[in-house]
There are 2 protein chains.
Amino acid sequence: MSQDLDAIDRRILNELVADARLPVAELARRVGLSKTPVAARIKQMEESGLIKGYRAMISPMKLGLSHVTYIELRLSDTRESALKAFNAAVRAIPEVEECYMIAGGFDYLVKIRARDMADYRRIMAEELSTLPHVHSSSSYVAMEAVVEASAPPLE
Amino acid sequence: MSQDLDAIDRRILNELVADARLPVAELARRVGLSKTPVAARIKQMEESGLIKGYRAMISPMKLGLSHVTYIELRLSDTRESALKAFNAAVRAIPEVEECYMIAGGFDYLVKIRARDMADYRRIMAEELSTLPHVHSSSSYVAMEAVVEASAPPLE
DNA sequence: CCTGAAAAATTATTCGC
DNA sequence: GCGAATAATTTTTCAGG
């Protein structure tokens with residue numbers, strides 16, 4: 001499933017994670033190869049799914065989306081069908097930035113990004129509280145973003 | 001600080017978040033304008049910092065980085081200088097994908113991405129346990145990624 | 001503030017070595 | 001994998017509404 005990368009691929013990946021719009025020629029210069037092999041390597045990484053795509057990064061703060069809350073959810077029904085229903089429902093909520101199922105008790109950890117506290121309360125009331133099989137929840141409001149999600153470490 | 005976007009800017013942003021490499025001409029076609037104003041709008045959003053950049057999205061799983069853990073940290077010293085020292089130290093750990101300071105008790109929530117459990121234990125021992133002023137911690141291991149972080153909702 | 005088209009620049013692809 | 005030539009795409013510019 002996971003593939004091994006040589007040092008060159010890793011450097012190409014690092015560059016593209018930092019700047020998705022680097023031309024192949026510039027990339028080639030930086031890794032010390034000519035364009036042909038660099039283009040081929042990129043294509044291969046795209047086709048293998050290692051590079052999933054290229055996207056613009058936007059500033060949530062500049063959009064007024066600075067209110068981050070983590071919610072711990074406990075379900076009343078932990079059978080496979082209930083989990084599936086919950087997963088599908090939570091994926092349909094656009095304000096859910098992340099959601100992981102946590103080991104040890106069939107809990108979920110959900111990250112919500114909202115405009116402000118009022119917006120968060122609306123999301124909680126209209127979206128999260130309607131999720132299937134939720135038994136109880138605890139909210140953790142972020143006061144400060146020390147490290148914001150960007151990209152996984154390439155090592 | 002946060003700026004208002006008209007409907008066109010929002011659509012441009014949505015398209016670029018989905019695909020950072022869309023040519024201006026194609027974007028113009030999709031939003032129903034000519035290239036000139038679309039290029040100008042993109043430039044303005046870049047300069048205002050709303051668009052922070054463009055990056056390749058990679059599959060952590062394909063890289064073998066599928067082990068996600070959330071760690072709740074409590075500090076023994078919550079004076080401003082201690083918090084600053086902690087923040088700086090945590091930012092220097094590459095495996096830290098996210099870190100938020102949580103309201104109500106000066107706790108931190110840290111998200112770690114690792115190769116496997118052994119890798120996580122190494123990170124915990126070598127990196128997290130050396131963070132300044134940490135008093136205690138609890139780990140929450142993710143069993144399943146229901147929603148992976150991608151981009152904040154544009155609404 | 002937008003249109004449309006021409007011009008200029010950049011970038012990707014191809015191919016013999 | 002190299003390097004040059006070719007081909008294609010893309011951005012920038014500008015007169016006009």
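- Distance, R29(B) CZ to dT10(D) C1': 16 Å, rounded to whole Å.
- Here E15(B) does not pair with R11(B) in a salt bridge; the nearest charged N to carboxylate O distance is not below 4.0 Å.
- The distance from atom CG of D19(B) to atom C1' of dT10(D) is 14 Å, rounded to the nearest whole Å.
- Of the N and O atoms on the side chains of Y70(B) and E98(A), at least one donor lies less than 3.5 Å from an acceptor on the other residue.
- Contacts of P37(B) with the nucleic acid, taken as non-hydrogen atoms under 4.0 Å apart, include base atoms.
- Separating the CG atom of L33(B) from the C1' atom of dG4(C) is a distance of 13 Å, rounded to the nearest angstrom.
- Closest to the side chain of P23(B), out of dT10(D), dT13(D), dC2(D), is dT10(D).
- With rounding to whole Å, R21(A) atom CZ is found 14 Å from dT9(D) atom C1'.
- Electrostatic pairing of K111(B) and E97(A) does not count as a salt bridge here, judged by no charged N lying under 4.0 Å from a carboxylate O.
- Taking atom NZ on K35(A) and atom P on dT6(D), their separation rounds to 14 Å, with Å as the unit.
- Whole-Å rounding puts the E26(A) CD to dT11(C) P distance at 9 Å.
- The S34(A) side chain lies nearest to dG3(D) when the options are dT11(D), dT13(D), dG3(D).
- For E148(A) and K52(B), the salt-bridge test fails: no basic side-chain N is under 4.0 Å from an acidic carboxylate O.
- Note: CZ (R41(B)) to P (dT11(D)) measures 17 Å, nearest angstrom.
- Per the geometry, CG belonging to D9(B) stands 12 Å off P belonging to dC1(C), to the nearest Å.
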